[in-house]
Structure formats: structure tokens, C-alpha cells
Number of protein chains: 2
Amino acid sequence: MQFSPLIEELIQALRCLPGVGPKSAQRMALHLLERDRQGGQRLSSVLARAMEQVGHCKNCRTLTEEDLCRICSSGRRNQNVLCVVETPADMLALEQSGVYDGRYFVLLGHLSPLEGIGPEDLGFDELLQRLKDEPVDEVILATNPTLEGETTAQYLVELLAGLPLKVTHLAHGIPLGGELEFIDGGTLSRAFAGRLGFATRKDSDG
Amino acid sequence: MQFSPLIEELIQALRCLPGVGPKSAQRMALHLLERDRQGGQRLSSVLARAMEQVGHCKNCRTLTEEDLCRICSSGRRNQNVLCVVETPADMLALEQSGVYDGRYFVLLGHLSPLEGIGPEDLGFDELLQRLKDEPVDEVILATNPTLEGETTAQYLVELLAGLPLKVTHLAHGIPLGGELEFIDGGTLSRAFAGRLGFATRKDSDG
Ligand SMILES: [Zn+2]
Ligand SMILES: [Zn+2]
């Protein structure tokens, strides 16, 4: 025996959520049906609007339902520094650490030949365009300290090598294999304060 | 900084799910927005239908979008035994153990003066009506082995004392404080096989 078709369908649908297996999905479905129909209806309606309306900031590519995110539309951010991150969650983690007052560029991923993700998917053209249009004199590469993140950073170092700006990365202190999103504010602060310049080809040649 | 208003609203709405704290809700929202819009849309639509259409079986009170659940509408179930459980999940656990071929009555809760849940909320009148209308000669009380579950069972023992039927409970072997829903089929089978009659007042008097 299973539950009725609609309840089984609900249990299946809940499994699109990360970390939710068959048993959790069943608990969630029964909880909503037995005790929180209003919460379930609200979730349904917010989900529909969010999946439909949330797009990307035209300037930094972070997730937002507005044309420009709050940071890009703020007049108070330092326009001379641009921090490149992989995801909106990474951007949030940096914001919550409170150490950074510049602007962002969100790659929405990292280079990954295996998954077929190349430079054209990560908005590198838009990034170059921003560096032409805006008075940026430092680009901080804050990709994750994973193999893909480091590869992406290295690619960007080469790409930006000819431009009249400093390219830095976050200081070591971030554990290898860790994900920025889960690192505490104190560690992030230290990593920001100790950020280093990249050794570009120009430097090694000279 | 937070996310944009609609994303924040989505994160809040996801917290109606049991076991989902602020950090999990954020991961879920970003996962759907970045990687599975289709899954999110499907979840929204199934949720809306389920919250609207799922009601209770007219006979046994379990959750279903149909008038009668599959068990109540089946001609193959033993009509002489009625098993009383607290929740639809308990009913499913017993069905999955495969030891029981009778029918059910689902209380949708247990007596709890603290939460203001009395006999009128648990369908005791409907239960008595069924015992009048159906050829039941054994009622198995399979409430949870918790304080509230035992209190509910004891109340039912008294309520059914005058009726011409046997009232049994599941054998010991179910761990105290445990929840039926999470007990394995083998333990449930043994508990079923060893079920005991209740000592009613009539028995103790005589
Ligand atoms: Zn932006
Ligand atoms: Zn039924």
C-alpha cells in the first residue's frame, strides 16, 4: 500500500529539494496535510512567483527579481573594487562578514569541462565589459578553494593580465576543499585582510 | 544584506517544512532558483492541488483526495477486525509490514488536555457508529507507546468495554517512547502476532 495518488505525487515533488530523501519527503507531506495547510498554500504561491519572476541582476548576475540588485543600485558601494564570486550564496556570505564595501560579479558556477561549463557560461564577456565601463582598479577573485574554483581563478588571472588593474585573491586561511558559503565571518575577515596579488606572466617574465 | 524580497520570502516560506531551519531553507531556495526551476514549479502546482483537494476518508479518516481510501473501498479486507491508529503514517507502517489484512480507524491525533485535544476531536463517535454498522469482533488499539498514546488507548478500552467484541493491543516488544511510524516491519509483525486482550473492568470485577 501507498498513500493516495495525489499524496504520493506530493511526496515525489518534495524530493526536488536538496537533502530530502523518501522518508523526509513523506514526513513533510504529512506534516503539511495534517497540521499546516496554510503554510503549504503559502509555499505553493511564493514558489510559483519566485520560479517565474526571479532572474539575474543585469550588472552582477546575482539572483534577483529586480533589474538591478540592491548592491549594484546602491550609491554607497566602492566602485573601485570588484569581487568575483561563484554563487549568490558566496556573495551573501561575504556581505554578512561585513569586511567588503565594493561591488560584485557572480559567475553562477565555475569552469568545468566535465559538466560542459566554459567561459561563455560564466559571463566573462560581461565582466570584461564592466572593467571597461567602470573605474575598477582591483579585482578580487573569491572563487571557492576547490580544484574547479582555483582553475577558474587562474583562467581569469590570464584573461585580466593585460588590463591596468591589480588582481588579488583571498588570503590562505580558508580551508582547502571548503565552500565559501559555510565559512564563518571571522575567517572571511582575515582572508580578506590578507589578500594577495597574483603572480601574472608579466611578473614572472620581468 | 539579505537577498531580494521575493527570495527572502521564499526562504521564509520553506521554513514551514519540518526540520528545515534558516540555513537549509536558504540552500533549498538557491538550489531551486539556480538549478531546478522546473522542479520548483512542479512542487508549487502539486502543493496547491494537495492542500486544496486532500481530505479525509469518510470511513476511516485517513488522508486521501478520494471519498473512500483504497483500503476502505477494497472488497478484500477482513471486515471483522478494526485497527485504531493515531496517524496515516502509522497506518502506512502497518500496511508495509504486511501482517494485517483488516480495516483501520485513524484518530488523527491522541488525547491531550494540554493541547486541548479531547474525544470529540478524535472521531470516537464515528468509531462507535462503525462498530454498530460493521461486523467487527476485534478492535486492535495500535496507538503509540507514549504517555498520550497509552492514555488514549485506556480511554478507548473504557469506552468499548460494554460492546460484544474483543479489545486488544499490540504486544510488548515495541520500545517505550518509540513512534510506530519508525519501527521496522519485523518488530511490528511480532507485536501483532503477540497482541494481548485488555483487562477490562468487567474482567477484574468477575
Ligand atoms: Zn547586482
Ligand atoms: Zn478509509
Exercise for review: Give a yes or no on whether A:Gln53 atom CD has more than 12 heavy-atom contacts from other residues, nucleotides or ligands under 6.0 Å away.
Suggested key: yes
Check your understanding: Quick one: are B:Glu66 and A:Pro5 in side-chain contact, heavy atoms under 4.5 Å?
Key -> yes
Point to revise | Residue among B:Ser45, B:Ala50, B:Gly39 with most heavy-atom pairs under 4.5 Å to chain A | key: B:Ala50
Review point. For chain B, which residues from residues 136-144 of chain A lie under 4.5 Å away (heavy-atom distances)?
Key: none
Review point. Do any of residues 11-38 of chain A have a heavy atom less than 4.5 Å from a heavy atom of chain B, and if so, which, in residue order?
Key: A:Gln12, A:Ala13, A:Leu14, A:Cys16, A:Leu17, A:Pro18, A:Val20, A:Lys23, A:Gln26, A:Arg27, A:Met28, A:Leu30, A:His31, A:Leu32, A:Leu33, A:Glu34, A:Asp36, A:Arg37
Revision key, fill the gap. B:His56 meets the side chain to side chain contact (heavy atoms under 4.5 Å, CB included) criterion, sequence neighbours left out, with B:Leu63, B:Leu108
Practice item. Kindly determine whether B:Leu47 and A:Gln41 satisfy side-chain contact (heavy atoms from CB on, under 4.5 Å), including the steps that lead there. Key: CA-CA 7 Å; B:Leu47 258 180; A:Gln41 272 157 348; over 6 Å; no
Study note, to complete from the structure: Taken to the nearest 0.5 Å, the spacing of A:Met51 CE from B:Leu43 CG works out to 9.0 Å
Check your understanding: Closest heavy-atom contact between A:Leu6 and B:Arg49?
Key -> CD1-NH1, 3.6 Å
Practice item. Specify which of B:Val54, B:Thr64, B:Thr87 makes the most heavy-atom pairs with chain A at under 4.5 Å. Key: B:Val54
Check your understanding: Rounded to the nearest 0.5 Å, how far does OG of B:Ser4 lie from CG of A:Leu68?
Key -> 12.5 Å
Check your understanding: Atom CE in B:Met91, atom CZ in A:Phe3: separation rounded to 0.5 Å?
Key -> 8.5 Å
**Study point:** A:Pro113: side chain to side chain contact (heavy atoms under 4.5 Å, CB included) partners, not counting sequence neighbours
**Key:** none
